[in-house]
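Values in this document were obtained by computation on a predicted structure and should not be read as measured data. Each residue takes its place number in the sequence, starting with 1.
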Amino acid sequence: MRKLFNDYGTIIILLLLCAFLSWRTMNNHTPEGPEAGRQVADAILAMDPKPRLALIAIRNNNIDERFAAVVTEALEQNGIAIAGIAKGVPADVRRIATATAAEGRTIDVVAATAATAAWPIFDGIDTKVPQMAGVRFARPDTYRWPTFLMKDNLINISNQTVVISTIAIGMTMVIITGGIELSVGSLIALSSCLAAWFIRRYGGATEATTAAMVGFSALAILICGCMGLFTGAMVTLFSIPPFIVTLATMMVASGFAYIISSGYTIFEIPDAYTFLGRGTLFWGIPISVCICLLLYVAAHILMSCTSIGRYIYAVGGNKEAARLSGVPVRFIFFFVYVVIALLAGFGGIITASQLKAGAPIYGVGYEMFVIASTVVGGTSLAGGEGKIFGTLIGSFIIATIQNGMNLLGVESYTQKVVLGMVILIAVLLDRLKQTDFFWNRRKARAL
């Protein structure tokens with residue numbers, strides 16, 4: 001049982017959490033947009049006798065306009081004419097019905113969304129609009145499904161955690177070596193401001209080319225990598241505690257971000273810059289999420305199948321023993337701090353792409369979420385123990401808790417209390433596991 005929990009505890013917790021939120025968010029749902037349009041069109045085409053003239057009732061928004069486009073195309077292809085579209089104004093139903101009756105035609109069916117089907121004019125339509133007496137209605141069917149498991153919500157969770165998950169790869173390596181990195185939030189802000197400033201100043205602002213955007217974004221990431229190199233130098237060459245070094249680096253990076261941006265948001269960048277943060281691939285999966293998963297695969301291979309990965313674990317387990325065994329301890333410290341800084345820089349580029357701007361306030365407090373994801377994922381703060389994919393699961397646990405509290409209407413202040421307790425419990429469990437607390441208690445009772 002103990003081995004099962006050690007190996008699969010985080011997965012079990014994530015599955016239980018998902019099951020609970022699925023149960024608590026079970027609600028009635030109605031399809032919208034093209035999906036609803038196809039369903040309504042099929043229902044109309046299946047009617048007997050077949051309608052000849054239809055009216056479409058929609059709200060004045062893009063989703064309902066796509067619904068109307070699908071219904072119109074399907075009905076016209078099957079010989080059913082469209083009398084008109086009542087768009088956002090119920091009175092248009094009477095106007096269209098009157099004009100149609102004046103032409104000697106009768107509306108046979110109304111294609112409505114879930115929202116427009118509830119318009120008051122359709123309640124007692126025979127008396128309110130006599131020209132539409134006996135009209136039939138087609139609307140999308142309602143079904144029960146957890147709001148938590150809706151496709152849009154799952155994609156939202158992935159989008160929310162992609163930056164934190166990406167940086168958590170580096171944090172896992174740092175904590176395994178026995179260190180800590182507190183400047184990742186400020187590096188996110190610095191990277192976003194640098195990229196946006198370079199594009200505005202030297203790339204042509206909103207007219208910047210793809211090559212310019214890629215080049216300046218890479219330059220911003222490399223500058224963050226230099227900050228990581230500085231941190232590694234302070235930790236290895238001067239033996240300054242990582243907590244102090246990264247605390248200072250956090251303030252320096254934040255200060256530079258404010259200096260570069262003059263304290264304002266830099267938004268003069270092209271629309272195409274959002275491709276990384278907002279673009280999607282198959283099934284609507286965000287591009288940034290796919291890149292994050294590839295980074296996890298690469299990091300897993302690095303930590304499991306290469307000498308550098310073994311060295312990272314060795315340094316975290318016993319730095320002096322690792323040094324005496326020929327492990328390049330200084331190089332490993334340089335390596336992990338540069339890696340996390342580069343990943344933080346990349347996280348800043350994703351953030352700037354998602355928000356189409358660079359700002360010095362981006363990334364505030366992210367270091368706590370990154371550390372929490374790493375610790376919840378099973379990485380020991382004592383060093384020497386942790387798994388890359390465990391960190392990924394830990395990131396999703398944190399993101400799922402946040403998302404679940406939002407869905408359940410938990411206020412933001414209470415959310416901070418809950419997340420703080422989650423971090424504390426994770427660290428406490430790690431500490432108890434390190435001291436074999438539960439095992440020693442059982443042995444004592446046996447004696």
Side-chain angles (χ1 to χ4, degrees), residues 163-175 177-198 200-201 216-267 330 333-352 354-355 357-375 379 381 383 398 416 419-420 423 427:
V163 174
I164 292 172
S165 298
T166 299
I167 302 173
I169 294 173
M171 187 65 77
T172 302
M173 297 180 185
V174 169
I175 292 181
T177 63
I180 198 72
E181 227 310 353
L182 302 178
S183 67
V184 291
S186 296
L187 290 177
I188 290 172
L190 177 61
S191 177
S192 71
C193 288
L194 282 170
W197 185 80
F198 283 136
R200 183 182 68 179
R201 183 71 180 271
F216 289 133
S217 296
L219 180 59
I221 294 172
L222 288 175
I223 291 174
C224 289
C226 291
M227 297 288 288
L229 191 64
F230 171 80
T231 300
M234 293 296 103
V235 171
T236 57
L237 301 181
F238 300 98
S239 300
I240 302 176
F243 180 88
I244 301 300
V245 177
T246 57
L247 186 64
T249 307
M250 176 178 69
M251 299 177 67
V252 171
S254 179
F256 276 134
Y258 275 96
I259 292 172
I260 292 166
S261 64
S262 300
Y264 296 100
T265 299
I266 304 174
F267 55 84
R330 287 187 173 181
F333 277 117
F334 272 110
F335 177 80
V336 296
Y337 283 106
V338 169
V339 166
I340 191 172
L342 291 172
L343 291 173
F346 181 61
I349 299 303
I350 295 176
T351 303
Q354 289 175 336
L355 302 176
I361 61 172
Y362 292 167
V364 174
Y366 271 42
E367 56 277 351
M368 294 308 300
F369 290 108
V370 173
I371 294 171
S373 299
T374 305
V375 174
T379 300
L381 288 173
I398 297 297
K416 290 185 177 182
L419 289 173
I423 297 172
V427 175

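- Nearest approach of Ser192 to Gly348, heavy atoms of both residues: CB-O, 3.6 Å.
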Stepwise side chain to side chain contact (heavy atoms under 4.5 Å, CB included) check, Leu190 with Tyr362: CA-CA 9 Å; Leu190 177 61; Tyr362 292 167; over 6 Å; no
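- The CZ atom of Arg330 sits 5.5 Å away from the CG atom of Leu237 when rounded to the nearest 0.5 Å.
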Full working for side chain to side chain contact (heavy atoms under 4.5 Å, CB included) between Met173 and Ile169: CA-CA 7 Å; Met173 297 180 185; Ile169 294 173; 4.2 Å; yes
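- More than 12 heavy-atom neighbours from other residues, nucleotides or ligands sit within 6.0 angstrom of CG on Leu222.
- Distance check: Leu194 CG to Cys224 SG gives 6.5 Å after rounding to the nearest 0.5 Å.
- Classification of the Tyr366-Phe369 ring pair by plane angle, with boundaries at 30° and 60°, yields perpendicular.
- The nearest pair of heavy atoms linking Val339 to Gly170 is CG1-CA, 4.4 Å.
- Contact between Pro242 and Val235 at its shortest, heavy atoms only, is CA-CG2, 4.0 Å.
- Under the side chain to side chain contact (heavy atoms under 4.5 Å, CB included) rule, Leu343 has a single partner from Thr166, Val338, Val184, Val370, which is Thr166.
- The number of heavy atoms from other shown groups lying within 6.0 Å of CZ (Phe256) does not exceed 12.
- The two residues Ser183 and Thr246 come nearest to each other via the heavy atoms CB-O, 3.5 Å.
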Audit row: Met227, Thr249, side chain to side chain contact (heavy atoms under 4.5 Å, CB included) steps and yes/no: CA-CA 8 Å; Met227 297 288 288; Thr249 307; 3.7 Å; yes
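- Looking at heavy atoms from C-beta onward, Ile175 lies in side-chain contact with Ile180 at the 4.5 angstrom threshold.
- If you take CD1 on Ile260 and CZ on Phe198, they are separated by 7.0 Å, rounding to the nearest 0.5 Å.
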Val174 vs Thr374, side chain to side chain contact (heavy atoms under 4.5 Å, CB included): CA-CA, chis, key distance, verdict: CA-CA 10 Å; Val174 169; Thr374 305; over 6 Å; no
